[in-house]
Amino acid sequence: MKHTVFAVASALAALSFTPAQAEQSIVIGHSLSPTSHYGVGADAFIAKLEELSGGEFTGTQAPAGQLGGERDMIEGLQIGSMDVVITSTGPLGNFVPEVFALDLPFLFRGYDHARKVLDGDIGQELLAKVGENQLVGLAWTENGFRHVTNSKRAVKTPADLDGLKLRTMENKVHMEAFSGMGASPTPMAFPELFTALQQGVVDGQENPVTVITSSKFWEVQNHVSLTGHVYSPAIVLASPILMDGLTDEQKGWFDEAAKASAAATRAEVNRLEEAGVALLRENGMEVITDVDKAPFAKLAEPAYAVYTDKYGTELVTRIQNVE
Ligand code: PAF
C-alpha cells in the first residue's frame, strides 16, 4: 500500500513536470542544399539551440526549397506554418519595404562594409522594422556578392548583357538594375530556376559563388562573370506565432542560436570566396574575373530611384557613410 501511494505520487509528479520539459522540435526552412552555407548556418542554429536549452528544443533542416520558395516560406512564418527560415532579402522588401535599401546595386564596397552596416545601428533598426510586419528578425546573415552566369557568352561589358534573358529574384530593385544594364530580367522563385536554365526558358541567372557551387549550376551554365553587382544579405527569421509562446529565457536561446548561425554562415562564405572560383573552373565554367564594374554601376543607377522616390535618400547615405 505504502508502495502504491509512493508510485502514484511519483507518477503524478512526473506528469506535472511533463509540459515544462516536453521537447519541442523546430523546423528551419531554406532554399539550398544541407551542406551549403545556409545548411551550415541551419546546423549551427540547431546545435546552439539544443545546447542552450539542454535538449528542450531540437531542430531539423527543411532544405532545398522543400517547403516552398523564399516568398512562400516568409508567408508561412506570418501564418505560423513555418518556425524559422533562412532567406535572402530578395523577396523580403515586398513585406518590409525599408529592406529594399540593402538590395541597391553597387552600394556596399565589400564584405567588411556590408557586415559592419548589418551588425551596427542600421542593421538593428532594420531588424526592428522586420518585427513590425508579422515577422521576427533574429539576426542578419549572408548570401554573398552576386555574379552573372549564363549559357550564351562571356559577359565582360554591359553590351554583353544585351537581350540576355536573366532570371532575377522577385525584387523590383534588382529588376530595374538589370533593365538598366541591358538584360531582360525575368523574376522567378528559386526552386524553378534549375529547370528553367536547363530548358532554356532563361539564358542566365545571378547569384553568389556560394549558390553557384552548391547548386551545381555548371551543369546548365557555361560562363560566369564576377560582376559583384550587388551584395545579397540574408536573414534568420522566426514566426511571431512561435516566438510569442516563449518565455524571455527561451527567446534568448533563439537569439543566440541565430547569432551562431550567422557566424557559421559567414565563415563558410569566406571559405567559398577563396575556394569557389577554382571549383567553378574545375567543373568546366569559363570564369571572367577582370570585370570593369564602373560601366555596369552607371547603367544600374536608375534602380536607386525605385527606393529613394518613396523613402528618400537618408538611409542610403547613412549606409554609404559607414566606414
Ligand atoms: O537567387 C535566390 O533566389 C537566392 O539568392 C537564393 C539562392 C534562394 C538564396 O537565398
Side-chain angles (χ1 to χ4, degrees), residues 28-42 45 61-77 82 84-96 99-100 102-103 105 108 114 118 130 137 139-150 165-175 177-178 183 185-197 201-221 224 227-237 261-262 264-266 268-269 272-273 276 280:
I28 306 189
H30 66 88
S31 300
L32 298 169
S33 79
T35 54
S36 66
H37 61 305
Y38 283 1
V40 167
F45 186 101
Q61 290 194 35
Q66 274 171 15
L67 300 178
E70 292 188 327
R71 181 194 271 266
D72 303 320
M73 289 193 283
I74 296 172
E75 283 168 358
L77 292 170
M82 299 287 305
V84 173
V85 169
I86 300 174
T87 173
S88 73
T89 49
L92 190 59
N94 300 310
F95 299 82
V96 189
V99 170
F100 276 132
L102 301 176
D103 298 321
F108 292 101
L118 294 173
V130 169
W140 289 109
T141 176
E142 187 167 79
N143 200 15
F145 277 89
R146 302 178 80 90
H147 308 296
V148 173
T149 74
N150 81 97
K165 268 187 117 183
L166 200 78
R167 177 269 177 177
T168 66
M169 294 195 284
E170 299 161 282
N171 180 301
K172 58 187 179 187
V173 172
H174 286 192
M175 289 175 69
F178 277 105
T186 309
M188 189 184 286
F190 190 73
E192 295 161 37
L193 178 57
F194 194 92
T195 310
L197 291 169
V201 175
V202 287
D203 305 314
Q205 64 88 45
E206 45 82 56
N207 252 306
V209 172
T210 50
V211 176
I212 304 169
T213 51
S214 64
S215 303
K216 297 191 168 71
F217 279 148
W218 49 71
E219 290 176 5
V220 284
Q221 299 275 269
V224 51
T227 45
H229 50 275
V230 70
Y231 174 72
S232 186
I235 187 167
V236 185
L237 293 170
S261 171
T265 296
R266 282 179 180 178
E268 185 61 3
V269 170
L272 280 166
E273 282 289 319
L280 298 175

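Remember, it's 1-based here, ligands and their atoms both numbered in the order they're listed.
Side chains of Y38 and E268: a donor-acceptor N/O pair is absent below 3.5 angstrom, by distance only. No side-chain donor-acceptor contact under 3.5 Å links S88 and N143. Residues H30 and Q61 bring a donor and an acceptor atom of their side chains to less than 3.5 Å of each other.
A side-chain contact (heavy atoms from CB on, under 4.5 Å) with I235 holds for exactly one of L118, L102, V130; it is V130. Each of N207, T149, D203 was evaluated against R167; a single residue qualifies, N207, per the side-chain contact (heavy atoms from CB on, under 4.5 Å) test.
Annotation: H229 is not in aromatic contact with F145 [ring centroid separation under 6.0 Å not met].
Contacts of ligand 1 (protein heavy-atom distance under 4.0 Å) are S31, L32, Y38, E70, S88, N143, R146, R167, M169, F190, N207, V211.
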